[in-house]
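Scroll down for the structure; my scribbles are underneath it.
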Amino acid sequence: MIALVTGATGGIGRLLVKALLDEGYRVVGVGRRREKLEELKALGNFDYIVEDLSEPNSTERIAKALRELGIGELDLLVNNAGYALRKPLLEHSDEELERLFKVNALVPIELTRELLPLFRPGSTVVFVISGVAFVNVPELPSYCAAKGALHYLAVNLERELKGKRIRVMRVYPKQVKTEFFTRNNVPYPKGSIEPEDVVRAIMKGLKKGKREVFVPGYLKLVKYLPNWPVFTYRFKY
């Protein structure tokens with residue numbers, strides 16, 4: 001079995017690579033930091049592609065790199081890469097806003113479409129979205145909007161892929177203790193969960209053939225709040 005994981009060097013991605021290797025997958029990781037990818041290479045049965053997903057034509061280059069690795073089929077694609085900017089919308093530059101939406105919302109769909117010829121019947125595409133797809137967090141306005149967009153894109157893509165016998169699994173974690181927060185120079189918000197919790201939930205969801213996974217499970221309740229999707233939540237530190 002062969003898997004491709006984007007955002008492979010971050011907290012969730014790195015642990016997910018290891019979990020998939022333990023399950024017998026050959027894993028190809030995509031990330032920007034070559035030195036971190038090299039560390040994973042030492043685990044064996046792992047190849048990597050150095051790519052910045054915010055750059056033009058990144059998905060085409062990933063497809064080309066897979067061909068160069070001799071990979072002609074995929075069983076699993078995990079669209080995990082993402083990042084946030086912690087500032088008001090009026091302080092975003094045009095480039096910042098466009099790059100953030102590209103990485104968080106557009107590239108997951110573009111990459112899935114680009115790699116479609118490689119998916120075998122029964123393959124799975126995973127979208128690591130976020131609980132903020134259902135809950136507005138004012139300090140991360142662009143990120144919330146991008147993840148909300150990815151939610152709707154993934155829901156509709158699932159319908160389109162069903163006829164091709166390709167499964168989609170959507171994952172919605174609450175805030176996670178990863179570089180996501182430390183790179184924005186803020187402490188982990190209260191109630192943050194461990195990346196290991198997310199990876200365990202993803203692996204369990206894959207084995208059970210789930211369509212959506214909420215981490216923790218009670219987060220699913222936000223879908224049914226009367227004010228959704230404008231329910232506002234502020235992180236506490």
Side-chain angles (χ1 to χ4, degrees), residues 1-55 57-84 99-100 102-104 107-108 110-112 114-115 118-120 123-130 150 169-171 173 175-184 188 192-207 213 215:
M1 296 184 293
I2 303 175
L4 178 74
V5 179
T6 67
T9 61
I12 294 173
R14 187 179 182 84
L15 291 173
L16 186 57
V17 165
K18 293 179 179 179
L20 290 169
L21 289 172
D22 288 344
E23 289 293 322
Y25 280 85
R26 177 186 178 186
V27 180
V28 180
V30 178
R32 293 179 297 113
R33 296 176 289 183
R34 184 181 297 274
E35 69 281 2
K36 294 292 185 181
L37 292 165
E38 277 290 342
E39 291 174 7
L40 289 169
K41 180 83 171 175
L43 298 175
N45 214 22
F46 176 83
D47 292 292
Y48 65 80
I49 300 167
V50 179
E51 187 59 69
D52 184 342
L53 298 180
S54 70
E55 294 296 328
N57 305 314
S58 61
T59 60
E60 291 91 337
R61 287 192 295 273
I62 290 171
K64 180 181 178 182
L66 286 173
R67 291 193 295 271
E68 292 171 351
L69 287 170
I71 294 175
E73 294 183 318
L74 280 178
D75 299 284
L76 176 64
L77 167 63
V78 183
N79 290 293
N80 168 68
Y83 74 97
R99 290 170 75 94
L100 185 142
K102 181 173 179 62
V103 172
N104 286 292
V107 164
E110 294 168 357
L111 183 60
T112 302
E114 184 71 31
L115 301 183
L118 303 186
F119 294 130
R120 309 185 230 236
S123 298
T124 300
V125 181
V126 176
F127 294 92
V128 180
I129 306 178
S130 172
L150 180 58
M169 186 173 83
R170 291 169 281 114
V171 183
Q175 63 267 26
V176 185
K177 295 179 181 178
T178 66
E179 292 179 348
F180 181 94
F181 286 102
T182 56
R183 73 163 65 102
N184 281 285
Y188 299 133
S192 296
I193 59 176
E194 300 292 339
E196 289 86 352
D197 298 330
V198 182
V199 171
R200 279 193 295 268
I202 291 173
M203 298 303 294
K204 184 177 179 180
L206 287 172
K207 290 176 182 178
V213 174
V215 194

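Throughout, numbering of the chain's residues begins at 1 and tracks the sequence. Below, each value reflects all heavy atoms present in this structure, side chains not excepted, and no hydrogens, waters or symmetry copies.
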Any non-hydrogen side-chain atom of [X] less than 4.5 Å from a side-chain atom of [Y]?
| X | Y | value |
| --- | --- | --- |
| Ile12 | Val199 | yes |
| Arg33 | Val50 | no |
| Lys204 | Ile202 | no |
| Leu66 | Leu115 | yes |
| Lys64 | Arg67 | yes |
| Leu15 | Glu196 | yes |
| Tyr48 | Leu40 | no |
| Asp75 | Arg120 | yes |

Nearest 0.5 Å, what's the [atom1]-[atom2] distance between [X] and [Y]?
| X | Y | atom1 | atom2 | answer |
| --- | --- | --- | --- | --- |
| Lys18 | Phe46 | NZ | CZ | 11.0 Å |
| Leu206 | Tyr25 | CG | OH | 6.0 Å |
| Ile49 | Leu37 | CD1 | CG | 9.5 Å |
| Leu118 | Leu77 | CG | CG | 10.0 Å |
| Thr9 | Glu38 | OG1 | CD | 12.5 Å |
| Arg26 | Ile71 | CZ | CD1 | 4.0 Å |

Contact summary for [X] and [Y], nearest pair of heavy atoms:
| X | Y | answer |
| --- | --- | --- |
| Phe119 | Thr112 | CE1-O, 3.7 Å |
| Glu114 | Thr59 | CG-O, 3.6 Å |
| Leu53 | Val103 | C-CG2, 4.0 Å |
| Leu16 | Met203 | CD1-SD, 3.8 Å |
| Asn80 | Gly7 | ND2-O, 3.1 Å |
| Asp197 | Val215 | O-CG1, 3.9 Å |

Task: Leu76 and its side-chain contact (heavy atoms from CB on, under 4.5 Å) partner, picked from Val125, Ile2, Leu20, Val27 - done: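 Only one option passes, and that is Leu20.
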Open item on the list: Once side chain to side chain donor-acceptor pair (under 3.5 Å) is applied, do any residues pair with Arg34, and if so which ones, sequence neighbours excluded?
Closed with: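 Side chain to side chain donor-acceptor pair (under 3.5 Å) list for Arg34, sorted by chain: empty.
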Task: Check: Leu100 main-chain N/O paired with Tyr83 side-chain donor or acceptor under 3.5 Å - done: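 Yes: the side chain of Tyr83 pairs with the backbone of Leu100.
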Task: Under 3.5 Å donor-acceptor, Ser123 side chain and Leu74 backbone - done: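 Yes; at least one donor-acceptor contact below 3.5 Å.
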TODO: For Arg99, check salt bridge (Lys or Arg N to Asp or Glu O under 4.0 Å) against everything at least two apart and list the hits.
DONE: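 Once residues adjacent in sequence are excluded, the partners of Arg99 under the salt bridge (Lys or Arg N to Asp or Glu O under 4.0 Å) criterion are Asp52, Glu55, Glu95.
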Task: Partners passing salt bridge (Lys or Arg N to Asp or Glu O under 4.0 Å) against Glu110 (at least two apart in sequence or in another chain) - done: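 Once residues adjacent in sequence are excluded, the partners of Glu110 under the salt bridge (Lys or Arg N to Asp or Glu O under 4.0 Å) criterion are Lys102.
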Task: Step-by-step side-chain contact (heavy atoms from CB on, under 4.5 Å) determination, Val126 to Val171 - done: CA-CA 7 Å; Val126 176; Val171 183; 3.8 Å; yes
